[in-house]
Amino acid sequence: GQANKWVKNMEKNSKLAVIKLSDSSFVRTLENAIQFGTPVLLENIGEELDPILEPLLLKQTFRQGGVDYMRLGENVIEYSPDFRFYITTRLRNPHYLPEVAVKVSLLNFMITVEGLQDQLLG
């Protein structure tokens, strides 16, 4: 959709990796991007996120020997401050749990009549 196009255009010169939760290599791609400071676009998520993303969304890094690290699943990986993470959904009017909403910045790229009614009446 519109959000995917915007992210891809904005990061076109930055080796953007595009992944889905269903990709067999999604964790490996994420680990590489975190280490090398390249952007990642996680497309088409539902209303629940994979628990492996938790430390990433909370930016749970720790410093050891002057280097920042992050634990992602079983692995401890070096964390580059240049890393950027984008998540998009195809859901027209997603309702994320407050625990998720406080960890991310939500941007609505498409206002539909139904979505506008929900926002105005909700």
Side-chain angles (χ1 to χ4, degrees):
Q2 216 171 339
N4 288 357
K5 284 183 199 152
W6 182 81
V7 170
K8 288 174 183 175
N9 185 49
M10 190 175 74
E11 296 288 1
K12 67 180 173 234
N13 298 325
S14 303
K15 298 180 186 165
L16 175 70
V18 180
I19 57 174
K20 293 179 175 64
L21 286 174
S22 58
D23 292 350
S24 60
S25 62
F26 115 85
V27 174
R28 187 78 216 126
T29 302
L30 206 48
E31 288 174 345
N32 286 334
I34 292 167
Q35 282 181 294
F36 299 113
T38 55
V40 170
L41 169 59
L42 175 58
E43 293 184 314
N44 306 333
I45 62 148
E47 289 186 339
E48 292 189 19
L49 297 177
D50 191 307
I52 200 160
L53 299 174
E54 191 80 2
L56 192 55
L57 299 178
L58 292 171
K59 292 186 180 162
Q60 290 178 330
T61 60
F62 60 93
R63 190 169 272 275
Q64 195 172 335
V67 178
D68 288 330
Y69 291 93
M70 176 177 281
R71 182 178 300 280
L72 201 65
E74 299 295 311
N75 299 330
V76 173
I77 51 176
E78 202 171 313
Y79 180 86
S80 168
D82 297 327
F83 171 72
R84 291 175 305 287
F85 190 45
Y86 305 93
I87 304 173
T88 61
T89 183
R90 287 190 177 276
L91 302 175
R92 285 197 322 199
N93 195 18
H95 294 284
Y96 292 102
L97 293 172
E99 303 88 81
V100 172
V102 297
K103 297 173 197 160
V104 298
S105 298
L106 294 172
L107 298 175
N108 188 350
F109 277 79
M110 183 177 78
I111 296 290
T112 62
V113 172
E114 182 184 329
L116 192 56
Q117 285 174 339
D118 282 356
Q119 285 182 30
L120 293 173
L121 302 174

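Heavy-atom basis, side chains included; hydrogens, waters and symmetry copies ignored.
- Residue Val67 is not grouped with residue Met70 when hydrophobic side chains (ILVMFWY) are merged at heavy-atom distances under 4.5 angstrom, including chains of intermediate members.
- Side-chain contact between Leu53 and Leu30: present, with at least one pair of heavy atoms (C-beta onward) separated by less than 4.5 Å.
- Of all heavy-atom pairs spanning Pro55 and Leu72, the tightest one is CG-CD1, 4.2 Å.
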Q: Show your reasoning for whether side-chain contact (heavy atoms from CB on, under 4.5 Å) applies to Ile34 and Phe85.
A: CA-CA 9 Å; Ile34 292 167; Phe85 190 45; over 6 Å; no

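- At least one donor-acceptor pair closer than 3.5 Å links the side chain of Thr89 to the backbone N or O of Ile45.
- Annotation for Ala3 and Thr88: closest pair CB-CG2, 3.9 Å, computed over non-hydrogen atoms.
- Under a hydrophobic clustering in which Ile, Leu, Val, Met, Phe, Trp and Tyr are joined whenever their side-chain heavy atoms come within less than 4.5 Å, directly or via other members, Val40 and Val104 fall into the same cluster.
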(Q) Walk me through whether Asn75 and Val27 qualify under side-chain contact (heavy atoms from CB on, under 4.5 Å). (A) CA-CA 10 Å; Asn75 299 330; Val27 174; 5.6 Å; no

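- A donor-acceptor distance shorter than 3.5 angstrom exists from the side chain of Asp50 to the backbone of Ile52, with no hydrogens or angles considered.
- Under the 4.0 Å criterion applied to side-chain N and carboxylate O atoms, Glu43 and Arg90 are not assigned as salt-bridge partners.
- Counting all heavy atoms, side chain and backbone alike, Gln35 lies closest to Ser80 at O-CB, 3.6 Å.
- Cluster membership for Leu42 and Leu91, using ILVMFWY side-chain heavy atoms within less than 4.5 angstrom, is not shared.
- Classified by interplanar angle (parallel below 30°, tilted 30° to 60°, perpendicular above 60°), the ring pair Tyr79/Phe83 is perpendicular.
- When all heavy atoms are compared, the tightest approach of Lys20 to Phe26 is O-CB, 3.4 Å.
- We find the CG-CG distance between Asn9 and Asn4 to be 12.5 Å, quoted to the nearest 0.5 Å.
- Here the shortest heavy-atom pairing between Glu11 and Tyr86 reads OE2-OH, 2.5 Å.
- Separation of atoms CD1 (Ile77) and OH (Tyr69) is listed at 11.0 Å; rounding is to 0.5 Å.
- When the side chains of ILVMFWY residues are joined at heavy-atom separations under 4.5 Å, either directly or via intervening members, Leu58 and Leu49 end up in two distinct hydrophobic clusters.
- Distance CD1/Ile19 to OG1/Thr29: 6.0 Å, rounded to 0.5 Å.
- Looking at heavy atoms from C-beta onward, Ser14 lies in side-chain contact with Arg84 at the 4.5 angstrom threshold.
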